[in-house]
Amino acid sequence: MARATTIFIFLCMGVIAASVSAIMMFQFARPAGEAFTLGLALLCTMIVVHLVFTRQRDRSDVSARVAELEERVLEVDQDVGNLEGRLTGMETNLPRRTREEIDPLFAEVEVLGSLIKQMAEAMAGMEDRIDEQDQRLVAPPQPRERLGHYEEAPRALGYSGVDRTFEQAPEPPRAEPAPAAPRRAAPPPPAAGPRDAQPDLALRRTIQEALDNNRVDLFLQPLVTLPQRQVRDYEALTRIRDQNEVYLEPVDFIDEAARAGMMPAIDNLMLFRAIQVLRRLSNRNRRSGLFVNLSSQTLVDEKFFPGFLDFLRANQGFSDQLTFEFTQRDVSEMGALEHESLAALSELGFRFSIDRVTNLRLDFKSLSDRGFRYVKLHASRLIGSERMPDSHIHPADLGDLLRRFAMELIVDHIETEAQVLEVLDLDARIGQGYLFSPPRPVRPEVLQGRPPKAMRRAAE
């Protein structure tokens, strides 16, 4: 339609220009060349005027469309803002509402459980009393001498309510009893065993048995990006099973293992299994990294560390995915030999992280120069009541300060949504805690095989 209109307008312009030329030739007796030139000039003028007005009209239409699009974009932004607010409110209120709805159910279940337990205890006591009555009705009466030292059996066995029938019944007449044999004294209680006297030795024995019987397991807990909560890396955590298949937390055995010099053997096994996990992640085209806790004893063990370093050199391709983690206490107590070992690991491209930070009076530049790229801080120490008394850095400035030295802040032990909001206000980008996921064991089929012979001999 627009093209037909344009063609019609140009035809009209041509007719007008030709009419003007004819009028100039026949009415005013002008030469044909002059009349044709005047008609052509008039035609060009009309074309230019038409194009100018058409361009202005198109520009006005485009401006109106742009203004309309801007209004629509503003409306969409407002809708997105409203949706974000509603989602934030749901994230904050949904866990609280769920707890408020579930807590009464838990309370009722606990009450029912206590009632069932009381009924079971009452039924058990009733059965005991019925059995005692049946025995008194069936069993023949025995002389008092026959009872001997068994009279005190009910109290010795822990019963609080002893039947008083024997005390209230009158004793039948009997002959003078023969001299009773002297009552044997009760045997003395057994002496305290080694576990009671020296519990540390028992714990050492448990750790050694776990190492010998392959009862040292690897658990993984994710580190997520904030606020997206996408899995970024994993932390490898050590768990030991005792002879009863009960897991021991690191806080229960790490100190004793360090005193007994067993940490190099544990680090040996954990490193080998961490490399297995990284291989599995690489086969699945995942570039997630792994944080592995390392003891300072491993760095100074002359028999163990060379094999440890050779194994890492053979697996140097995982250097950008493997991060070794040290506690702040170990870092503060490191000497020249530990720093030399750290330098050897850093030359291979491995990075370090400092954990269990209780004091922010650290030389971040020196740590960064030695290869430390992460600082892990407990959520309660950053935003909770356990504020660090010696800290001279405001929590809101800690993330920017670390990034100046090519380091990143990790906030761990996050357990509530409220803590997530406070951590986001402090510009922390990595989080860890039970809110996102608890530590989970690695499947046995992933952890197959044994460490190299050189590492095993060094650990032994």
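Predicted model, so just to flag it, every value in this text is computed and none were measured. Heavy atoms only: backbone and side chains are in, while hydrogens, waters and symmetry mates are out.
- Side-chain contact, Asp330 with Thr327: a donor N or O sits under 3.5 Å from an acceptor N or O.
- Counting heavy atoms from C-beta on, the side chains of Val420 and Thr416 never come closer than 4.5 Å.
- Using bins of under 30°, 30° to 60° and over 60° for the plane-to-plane angle, the ring pair Phe272/Phe311 lands in the tilted bin.
- In this structure, the side chains of Met262 and Phe253 stay at 4.5 Å or more apart for every pair of heavy atoms.
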Run the numbers on Arg279 and Asn315 for side-chain contact (heavy atoms from CB on, under 4.5 Å), then give the verdict. CA-CA 10 Å; Arg279 287 199 182 107; Asn315 295 275; 2.7 Å; yes

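- Val292 has its side chain out of reach of Thr323: every pair of non-hydrogen atoms, C-beta onward, lies at least 4.5 Å apart.
- Under the side chain to side chain donor-acceptor pair (under 3.5 Å) criterion, Arg215 pairs with no residue, sequence neighbours left out.
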Would you tabulate the side-chain donor-acceptor contacts of residues 344-356 under 3.5 Å, counting partners in other chains and residues two or more places apart, or write 'none'?
unit_1: Arg351; atom_1: NH1; unit_2: Tyr374; atom_2: OH; d: 3.4
unit_1: Arg351; atom_1: NH2; unit_2: Asp320; atom_2: O; d: 2.8
unit_1: Ser353; atom_1: OG; unit_2: Glu325; atom_2: OE2; d: 3.4

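- More than 12 heavy atoms of other residues, nucleotides or ligands shown are found within 6.0 angstrom of CD on Glu245.
- Ring centroids of Phe364 and Phe372 are separated by 6.0 Å or more, keeping the two rings apart.
- Between Arg373 and Glu408, no side-chain nitrogen of the basic residue sits less than 4.0 Å from a carboxylate oxygen of the acidic one, so the salt-bridge criterion is not met.
- Judged by distance alone, the side chain of Ser332 and the main-chain N or O of Arg329 form a donor-acceptor pair under 3.5 Å.
- A 4.5 Å side-chain heavy-atom check between Leu237 and Asn293 finds at least one atom pair inside the cut-off.
- Between Leu220 and Ala236, the shortest heavy-atom distance links the atoms CD2-CA, 3.9 Å.
- With contacts defined as side-chain heavy-atom distances shorter than 4.5 Å, the pair Leu223/Tyr234 does not qualify.
- The minimum heavy-atom distance between Ile414 and Val411, with the atom names listed, is CD1-O, 3.5 Å.
- Expressed to the nearest 0.5 Å, how far CG of Leu426 lies from CG of Leu226 amounts to 11.0 Å.
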Worked verdict on Glu417 versus Arg229 for salt bridge (Lys or Arg N to Asp or Glu O under 4.0 Å): CA-CA 12 Å; Glu417 293 290 344; Arg229 303 191 184 187; 2.6 Å; yes

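- Rounding to the nearest 0.5 Å gives a distance of 12.0 Å between CG of Leu248 and CD of Glu256.
- A donor-acceptor pair is defined here as one N or O able to donate and one able to accept, closer than 3.5 Å; no such pair exists between the side chain of Thr225 and the backbone of Gln228.
- When each of Arg239, Arg440, Arg241 is tested with Asp217 by the rule salt bridge (charged side-chain N to carboxylate O under 4.0 Å, His left out), just one qualifies, namely Arg241.
- Remark: Glu209 CD is packed, more than 12 non-hydrogen atoms of other residues, nucleotides or ligands lying under 6.0 Å away.
- Proximity of a side-chain donor or acceptor of Asp242 to a complementary backbone N or O of Asn244 within less than 3.5 Å is detected.
- For the pair Gln328 (side chain) and Thr358 (backbone), a donor-acceptor distance under 3.5 Å is present.
- Met263 places a side-chain heavy atom less than 4.5 Å from the side chain of Ile254.
- Looking at Gln297 and Asp301, their side chains never bring a donor and an acceptor atom within 3.5 Å of each other.
- A salt bridge does not link Asp61 with Arg65: none of the charged nitrogens is closer than 4.0 Å to a carboxylate oxygen.
- Partner of Phe324 under the side chain to side chain contact (heavy atoms under 4.5 Å, CB included) criterion, chosen from Leu342, Leu312, Thr298: Leu312.
- The backbone N or O of Glu415 lies less than 3.5 Å from a partner atom in the side chain of Gln419, making a donor-acceptor pair.
- Interatomic distance, CG of Leu271 versus CD1 of Ile266, reported as 13.5 Å (0.5 Å rounding).
- Other residues, nucleotides and ligands contribute only 12 or fewer heavy atoms inside 6.0 Å of the CZ atom of Phe36.
- A salt bridge between Arg403 and Asp400 is present, with a side-chain N of the basic residue lying under 4.0 Å from a carboxylate O of the acidic one.
- Here the shortest heavy-atom pairing between Phe318 and Ser282 reads CE2-OG, 3.6 Å.
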Criterion side-chain contact (heavy atoms from CB on, under 4.5 Å) on Ser295 and Phe326, from CA distance to verdict: CA-CA 7 Å; Ser295 172; Phe326 301 90; over 6 Å; no

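- Rounding to the nearest 0.5 Å gives a distance of 13.5 Å between CZ of Arg273 and CG of Leu290.
- Atoms CD1 and OG1, on Ile240 and Thr206 in that order, are 9.0 Å from each other to the nearest 0.5 Å.
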Run Gln208 and Asp212 through side-chain contact (heavy atoms from CB on, under 4.5 Å) and show every step you take. CA-CA 6 Å; Gln208 188 61 51; Asp212 296 338; 3.1 Å; yes

Could you go through Asp369 and Lys365, starting from their C-alpha distance and side-chain angles, then the distance that decides it, and tell me whether this counts as salt bridge (Lys or Arg N to Asp or Glu O under 4.0 Å)? CA-CA 6 Å; Asp369 294 340; Lys365 184 179 185 305; 3.3 Å; yes

Residue pair Arg30, Met25: steps toward the side-chain contact (heavy atoms from CB on, under 4.5 Å) verdict: CA-CA 5 Å; Arg30 306 300 299 176; Met25 288 175 59; 5.8 Å; no

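- Aromatic ring orientation, Phe308 versus Phe304: tilted (interplanar angle from 30° to 60°).
- The minimum heavy-atom distance linking Ala17 with Gly39 is given by the pair CB-O, 3.2 Å.
- The CZ atom of Phe305 sits 5.0 Å away from atom CG of Leu309, with the distance rounded to the nearest 0.5 Å.
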Can Ser288 and Asp233 be said to form a side chain to side chain donor-acceptor pair (under 3.5 Å), step by step? CA-CA 5 Å; Ser288 298; Asp233 298 309; 5.6 Å; no

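- Two residues are said to be in side-chain contact when any heavy atoms from C-beta on lie closer than 4.5 Å; Ile47 and Phe10 meet this criterion.
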Below 3.5 Å, can you tabulate the donor-acceptor pairs from side chains in residues 428-435 to any protein atom, sequence neighbours excluded?
unit_1: Gln432; atom_1: OE1; unit_2: Lys376; atom_2: NZ; d: 3.2
unit_1: Gln432; atom_1: NE2; unit_2: Gln221; atom_2: OE1; d: 3.1
unit_1: Gln432; atom_1: NE2; unit_2: Glu235; atom_2: OE1; d: 2.6

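- Remark: Arg313 CZ is packed, more than 12 non-hydrogen atoms of other residues, nucleotides or ligands lying under 6.0 Å away.
- Under the 4.5 Å side-chain criterion, counting only non-hydrogen atoms from C-beta, Leu377 is in contact with Leu409.
- Remark: side-chain polar atoms of Glu338 are paired, donor with acceptor, to backbone N or O of Gly335 under 3.5 angstrom.
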